[in-house]
Amino acid sequence: MIDRAEVRRIAALAHLALSEEEEARLAGELSQILSYVEKLKELDTEGVEPTSAVSARAVFREDVVQPSLPAERAVANAPASVGTAFSVPKILE
Amino acid sequence: MPSTAQRQIPREGTETWEPVLGLEVHAQLLTHTKIFCGCSTAFGALPNHHTCPVCLGLPGVLPVLNRQVVEFAIRAGLALGCEVRDTSVWSRKNYFYPDLPKGYQISQYDLPICEHGRLTLPSGKTVRIRRIHMEEDAGKNIHGSDGVSLVDLNRAGVPLLEIVSEPDIGSAQEASDYLKTLRAVLMYLGINDGNLEEGSLRCDANVSVRRAGATELGTRAELKNMNSFRFLRQAIEYEIKRQVGVLEGGGRVLQETRTFDVAKGETKSMRSKEEANDYRYFPEPDLPPLHVSKPWVDRVRRELPELPAARLARYRSLGVGTAEAQVLVDERALADLFDRTSAQYPDAGKLAKRFANELQAALRDAGLTLAEQKATPEAIAKLLALVDEGALSGAASKEVLLEMVKSGQAPDAIADAKGLRQLSDLGPTEAAVDAVLARTADEVARYKAGKTQLLGFFVGQVMKEMKGKGNPAVIGEALKKKLG
Amino acid sequence: MAAADICDLTLAELSAKLARRELSATEATRASLARTAAIDPKIHAFLRVDEKGALAAAAAADARLTKGRPLSPLDGVPLALKDLFVTEGVETTAGSRILAGFIPPYDGTAVARLKQAGAVLTGKLAMDEFAMGSSNENTPFEKVRNPWDLSRVPGGSSGGSAAAVAAREVFGTLGTDTGGSIRQPASLSGIAGLKPTYGRVSRYGVVAFASSLDQVGPMARTAEDCALLLFAIAGHDPLDSTSADLPVPDYRKACERGVKGLKLGVPKEYFVAGMDREVERSVRDGIEALRSLGATLHEISLPHTGHAVATYYIVATAEASSNLARYDGVKYGFRAPGAQGLRDLYLRTRAEGFGPEVKRRIMLGTYVLSAGYYDAYYLKAQRVRTLIRRDFDAAFANVDAIVCPTSPVPAFGLGEKSDDPLQMYLADIFTISCNLAGLPGLSVPCGFTAGGLPIGLQLLGRPFDEETLFAAGSALERSLKVHAKRPPL
């Protein structure tokens, strides 16, 4: 059901690097789980509304400025930063 | 179905092609705070000085909606003739990029807040608006040195309206007109500052072509981030030619994203590998559906300001010429200043001409924006009165206006300080005429013999005699009287 | 009072002693820390202990208690938190390597409310990574042991929370429950645990797993203890758009109500072949005890029970795949060293930072949301979820609460189920529907197996009717006195 090519496609979308062994294993596990969840097809859900956000009331905030985090704290946990900016490697072409 | 007023590009020996264009405009909203948190939206702060756990996408945070964003969206929807949905839904658009801290953007997908509107262009053409929705902006990637990019999340979470047109636009010029007209509406509503260069208003163009008379749409390319009216036109024109070239050569147009290389005047493909991005939209579980009540919509409708089209009609009815009216309407602040000034100066048509020409020129020469310039409505009205009564020549009034714009001083004071007043009084004029005629007996004789074109010579001499301060009309009258 | 005896007190008993100044908060905290130091090396419930912070909080509590001005019944009571709760200045990892070293700059709402109540927070507790698991075996760290049998799991994902309470290291904890992660470990570890109604407690400051299912809840020795904890943390939060704006009743008082006239539904789908015999008998005995206390029993049917696990594993993994996209090595946590370019950074950081179960669920969630599959999986599952909710609505037209087992099996051995993900998922069968329907659920200890392993009984209630659950759970506890038994540590 889910072959290795499909596993690679999903892993690319999810930005996960997988080893060969992981790819093979996941193909099997995902296939097994997806076969199981196929059982939902047995049910007739014609005209049934999907459950949306469980609470019904809209909630708002007023447009009034609140204090921001000091910039040093904003980047304090960053693995790499330059001044108060986050630093990442460039996209390789 | 696209409308029929299309511009067609004839090609030698082959059929004609019809461009089919749609525009997607992203407008940053002029709220004080971001869409889902209380951080300031003010521009120009140092990196990450306007961030908090929510807009940084820290673990455990949740979004809370800024009511003013909805208010502005309703305003835009009503001004653009849309239906405002009583229930709209938030969605997550999932993709990875460093300027997108949560790894998804909260937007609206299936059920946007507004749909099915229209925008009428000055040409009379109507472009349908498919949808308007709210979403959060991403941060900024800044190129650093040594293979590194820097990420500033100040802009992450700033509220955006995305306005999507139907593919009703038929030419590059029409696209530019659409953007110009839409921009004016958004500025009039006070919800966007109209700044294309700085990116608070962004425009992408979807461009395709098809054989004239065909009903199916061709494959479209998306031109991203056209940040001036000129580049928008140039890019679209290039892209239309490019696509026609591809199709006539037997090839196929790729569905892709392209940017405009300003230097080369060409569009270029942006991405080849990561092209088809599967955004895996699903309803945002952290936000309940948005309910907009009829009383809310009705109140916004009642409070809508006079929009550009209505203003244009009003100016025309006051006697303002079409071209001048359009110039005024294109910039709300200019039209507002005009309205305040015309309360003190009755001839709207004349005033509009001055605004459209002299005032714009003065701003350019002074290097000032309308917001920065200092001339008051009272002063401008007074300046025109001075010209009307002959106290200032046309040329002198331009010089006075430039000074008014820079310093805010009254026109009388400036004219006096610079010695610009025209002498329109008859006494000094006649004295000067007498002096000139006394020493130009030959020319007087020739004039009386029939060389009436010498009048100009005499006017020039009298003006010189009056050290340039004469009023040409008054001089002319006096000369005619004396010469007979 | 001897330190060991202090630790045997329930939260409510300790609170009373603190109020009467028979004990000081500092003594209680020292006892708790000492017991943790002595016992936890066998249990591995704690990821980190904050001795300094705890003693400072205890001193502050004592200053208030000696003046007779406690902030609340929790003032001075030593508690600990599942490491899914964001705590300012204290490392928070969600049980994952990908958040190693993350020191949050803010406190979540539930945490802040506990601090405002004067509670003493002694540390952060182990869990299945990102709350994904039912045994606390999905961890790069030391696996938590069940205090009743150190070769067995405590349950999960709030395994550390359950074990720390059962081992008497602390007087109560907060856990989270997305598919049973409070109730199941409570059941396997012989303590009480409540998943409140969705929206009852703020999720702000809880590392998100599945946004429409996650709930914060108390875990403690008794239902009454849970009631005291819930009262302190429940209520509307303007920072959580899904939190309910409803008043918070006196949950402790509800514990005294009794069950006379209470109509209890017994769902036939919850007593099935394949259940552990001892579990079934113990739960039926518990149900019978409730009947003898005045409740009436009614057989009910929840017909879509068999589809709940499938529904859950589509909805929860889909939401999780999106919630976990932010862990990318850019802004916080782990970053894979030596990455070549941005894409490589993402791929390797996430590959090295996430454990296998997390990856599995991200993959599944990504798949069910991807183009072409959304309607067949995610949308379909959300419709079935409505059907499941309707089952409960129909049942609650006739009964006041539903009673059933919490887990089909008692605590299983370490490594016993971890090879077969699907088997592990099926163990959630009794807890999962409650999350899908957004209802409250309470697990209380109701007995032991012959081998001395705890068994839990579960009560499910109407939305925002935690009071009925406390009434029934507390009445059962008073009758059976199961919670008084200590693990043989």
Side-chain angles (χ1 to χ4, degrees), chain A residues 2-3 5-18 26 30 33-34 37 40 45 47-93, chain B residues 31-33 35-42 45-53 55-56 58 64-71 89-90 94-98 101 103 139-154 274 277-278 280 283-292:
Chain A
I2 304 273
D3 59 13
E6 188 73 339
V7 169
R8 277 194 288 274
R9 178 188 75 88
I10 303 165
L13 273 180
H15 279 52
L16 285 172
L18 297 177
L26 279 165
L30 294 178
I33 296 166
L34 285 166
V37 304
L40 292 188
T45 52
V48 179
E49 277 304 298
T51 300
S52 65
V54 181
S55 70
R57 275 188 49 234
V59 177
F60 295 112
R61 208 172 33 79
E62 297 311 311
D63 192 28
V64 174
V65 177
Q66 302 295 327
S68 290
L69 270 182
E72 298 72 31
R73 285 193 95 192
V75 296
N77 283 291
S81 57
V82 173
T84 60
F86 298 99
S87 163
V88 293
K90 278 209 165 78
I91 301 173
L92 293 183
E93 293 308 318
Chain B
T31 55
H32 299 125
T33 61
I35 186 172
F36 296 122
C37 70
C39 288
S40 166
T41 53
L46 292 171
N48 296 308
H49 275 63
H50 286 164
T51 60
C52 72
C55 57
L56 286 170
L58 295 192
V64 184
L65 179 60
N66 178 347
R67 185 200 301 271
Q68 188 74 320
V69 174
V70 182
E71 176 87 10
V89 169
W90 297 96
N94 298 280
Y95 65 96
F96 289 86
Y97 208 64
K140 273 202 167 99
N141 277 351
I142 316 159
H143 281 305
S145 54
D146 308 333
V148 143
S149 272
L150 301 178
V151 183
D152 171 14
L153 296 177
N154 282 344
E274 280 262 59
N277 222 334
D278 182 355
R280 288 157 281 135
E284 169 59 81
D286 289 332
L287 291 170
L290 175 64
H291 297 297
V292 171

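Here is how names work: the chains are called A, B, and so on, in the same order as the sequence lines, proteins then strands, and each is numbered from 1.
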S.K.: For Y95(B), which atoms come within 4.5 Å of any heavy atom of chain A: side chain, backbone, both, or neither?
M.R.: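 When you check distances to chain A, no heavy atom of Y95(B) falls under 4.5 Å.
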
S.K.: Using atom types as modelled and distance alone, determine if a side-chain donor or acceptor of T84(A) lies under 3.5 Å from a backbone N or O of P47(B).
M.R.: yes

S.K.: Under a 4.5 Å cutoff for heavy-atom pairs, which residue among S68(A), P70(A), A14(A), P89(A) has the most contacts with chain B?
M.R.: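 Maximum pair count with chain B is reached by S68(A).
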
S.K.: Which residues, numbered in order, of residues 74-83 of chain A come under 4.5 angstrom of chain B by heavy-atom distance?
M.R.: A74(A), V75(A), V82(A)

S.K.: Return all side-chain donor-acceptor pairs below 3.5 angstrom for residues 5-13 of chain A, not counting sequence neighbours, or 'none' if the list is empty.
M.R.:
{"residue": "E6(A)", "atom": "OE1", "partner": "R9(A)", "partner atom": "NE", "Å": "3.1"}
{"residue": "E6(A)", "atom": "OE2", "partner": "R9(A)", "partner atom": "NH2", "Å": "3.1"}
{"residue": "R8(A)", "atom": "NH1", "partner": "E23(A)", "partner atom": "OE1", "Å": "2.9"}
{"residue": "R9(A)", "atom": "NH2", "partner": "S370(C)", "partner atom": "OG", "Å": "3.4"}

S.K.: At a 4.5 Å cut-off on heavy atoms, which part of L153(B) comes close to chain A: side chain, backbone, both, or neither?
M.R.: side chain

S.K.: Test side-chain contact (heavy atoms from CB on, under 4.5 Å) on L290(B) and F60(A); report intermediate values, then the result.
M.R.: CA-CA 10 Å; L290(B) 175 64; F60(A) 295 112; 3.7 Å; yes

S.K.: Using heavy-atom distances under 4.5 Å, tell me whether P98(B) contacts chain A through its side chain, its backbone, both, or neither.
M.R.: side chain

S.K.: Can you list everything that forms a side-chain hydrogen bond (donor to acceptor under 3.5 Å, both in side chains) with T33(B)? Sequence neighbours excluded, please.
M.R.: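 Applying side-chain hydrogen bond (donor to acceptor under 3.5 Å, both in side chains) to T33(B) gives R61(A), D63(A), N66(B).
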
S.K.: Between C55(B) and chain A, with a heavy-atom cut-off of 4.5 Å, which part of the residue counts as in contact: side chain, backbone, both or neither?
M.R.: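 No part of it gets close to chain A.
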
S.K.: Please, which pairs that meet salt bridge (Lys or Arg N to Asp or Glu O under 4.0 Å) have at least one residue in residues 67-88 of chain A, sequence neighbours excluded?
M.R.: R73(A)-E88(C)

S.K.: Shorter than 4.5 Å, heavy atoms on both sides: which option in G147(B), A42(B), A45(B), S40(B) has the most such pairs with chain A?
M.R.: G147(B)

S.K.: Is it the side chain or the backbone of L56(B) that comes within 4.5 Å of chain A heavy atoms, both, or neither?
M.R.: side chain

